[in-house]
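Computation of the quantities below employed the complete heavy-atom set of this structure, encompassing side-chain atoms and omitting hydrogens, waters and symmetry-equivalent molecules. In what follows, chains carry the letters A, B, and so on, assigned in the order in which the sequence lines appear, proteins first and then strands, with residues in each chain numbered from 1.
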There are 2 protein chains.
Amino acid sequence: MSHTLGIRQAQKQKTRQALLDAALGLLEEQSLSSLGLREVTRAVGVAPTAFYRHFRSTADLGVALVEEALGSLHPMIRTTVSGTGDQEERITRAIELIARHVDGYPAHVRFIARERHGGVQPVREAIRDQLSRFAGEVRDELAKDPVSEGWSEDDLLMLAHLYVDQMLITASLFLEALEGPEEAREEREREVARVATRQMRLIGLGRHHWLD
Amino acid sequence: MSHTLGIRQAQKQKTRQALLDAALGLLEEQSLSSLGLREVTRAVGVAPTAFYRHFRSTADLGVALVEEALGSLHPMIRTTVSGTGDQEERITRAIELIARHVDGYPAHVRFIARERHGGVQPVREAIRDQLSRFAGEVRDELAKDPVSEGWSEDDLLMLAHLYVDQMLITASLFLEALEGPEEAREEREREVARVATRQMRLIGLGRHHWLD
DNA sequence: AATTCCAGAGAACAGTTGTTAACTGCATGG
DNA sequence: CCATGCAGTTAACAACTGTTCTCTGGAATT
């Protein structure tokens, strides 16, 4: 199905990606609603009007960034929530994975945290949709777990949302730990991991006694 | 201690409040990092230069808004987390209180949710500090509860953070329910309350079995 | 009553913004 | 090989931004 693109299409995609990358960089110090189209094209080194060949507006670009930041994360979620090992092991693994993701893609994480409640409606909606998909997928995986026997679909989804929100909060805290003085960075990261682990453990406890 | 202000000071405070109110209104459809000083003064009906008599910048105004939105909330937090009644009753009461607060001060809630991870550093810090204070206060109240016997300070604070984050998430969901078509608003609000109640209940269960 | 203070007004500045129109040059498909 | 398509350029526009300096009227102080 995948057709090798011509020189033309390839160059276009390259410019498009450059615009996305430049925007993501600029968004580390501001919100999407203040990001100017000229600012982005200037950073890339193309004429302002070239922007319109790829996006209708910066809001449109924002929606594309949501797809880039969250779209490829769905398989990751599934394999993380399910997987083998006892509860404690799974928690450690999940948090380790979040930490690695934040380390690898800090700008993406920052963008999602920032624009989830940000000033640009279409972007908020795009993020909400993706997170809803995540919650649904987490629910599906939870349903497979023997611990979930006797749970209603409704209760599974409520727990899934709790997990998703908790993951986002943890990611945001890892991000905070990442910036700031290099000096005690590792220690700050360990502290975030320590607290997040215990919070997940407590939620897990609540889960095991839900049907009491 | 309170001295009745002269005509002069009174008028100044009035203008200052008008600037804060206008800004809060404008921030319903954008982020602080894109809020212009001229935009605010235009909405109030004063000259752009008048702005500088009250704030150094829009970031400075943002910090003042954080104080306005969260500063007066501390007593409310304390009496909510403690209070009498069994766990179930307390949860219902807390969520009811959040719903009423969002109904009464939607713009404040939106501002905090938006700028907590927003593009203006001093504002993010101001919010982080206030939420830290909340967490500390919640911990203090939790410590008084007989259920917390045998808990370490550290574990109490970890639980307090979980509660504070959960409250913010719930507030943000109530806000989402508030906007949109009037038609099914009440039903959306009930659904948010229903899910949030069960999430709090689950966390409460985890809390009771923490020392097993 | 005379003097000081200061919140707000007014005008001007250099720089920025989004959007339009008409263009150029090169990859593409017939 | 030639005609078409289209990514990116150039130039220009009206509107807007934050900040400066100077000024004014009336409250506050003496």
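Going from atom NZ of B/Lys12 over to atom P of C/dC5 covers 15 Å, rounded to whole Å. Here D/dA7 presents its C1' atom at 17 Å from CD of A/Gln17, a figure rounded to the nearest Å. The nearest whole Å value for the distance from the CD1 atom in A/Ile7 to the P atom in C/dG25 is 19 Å. Separating the CG atom of A/Asp60 from the P atom of C/dG18 is a distance of 14 Å, rounded to the nearest angstrom. Between the NZ atom of A/Lys14 and the C1' atom of D/dA7 there is a distance of 14 Å, given to the nearest Å.
Residues from residues 25-56 of chain A placing a heavy atom under 4.0 Å of any atom in DNA chain D, listed by number, are A/Arg38, A/Val46, A/Ala47, A/Thr49, A/Ala50, A/Arg53, A/His54.
With A/Glu179 as the fixed residue, the side chain to side chain donor-acceptor pair (under 3.5 Å) test singles out one of A/Arg188, A/Arg110, A/Arg185: A/Arg110. Of the listed residues (B/Arg38, B/Arg42, B/Glu39), just one forms a side-chain contact (heavy atoms from CB on, under 4.5 Å) with B/Pro48, and that residue is B/Arg38.
Taking the side chain to side chain donor-acceptor pair (under 3.5 Å) definition, one finds that B/Arg198 meets it with A/Asp154, A/Asp155, sequence neighbours left out. Partners of A/Ser72 according to the side-chain contact (heavy atoms from CB on, under 4.5 Å) rule, which considers only residues two or more places apart in sequence or in another chain, do not exist here.
Inspection of the A/His74 and A/Gln130 side chains reveals an N or O donor paired with an N or O acceptor under 3.5 Å.
Within 4.0 Å (heavy atoms only), B/Thr15 reaches sugar-phosphate atoms of the nucleic acid but no base atom.
If B/Gln11 and A/Gln9 are placed on DNA chain C by their nearest nucleotide, the residue sitting closer to the 5' end is B/Gln11.
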> Given B/Glu29 and A/Gln121, is the side chain to side chain donor-acceptor pair (under 3.5 Å) satisfied, shown in steps?
Replying inline: CA-CA 8 Å; B/Glu29 308 169 311; A/Gln121 208 209 26; over 6 Å; no

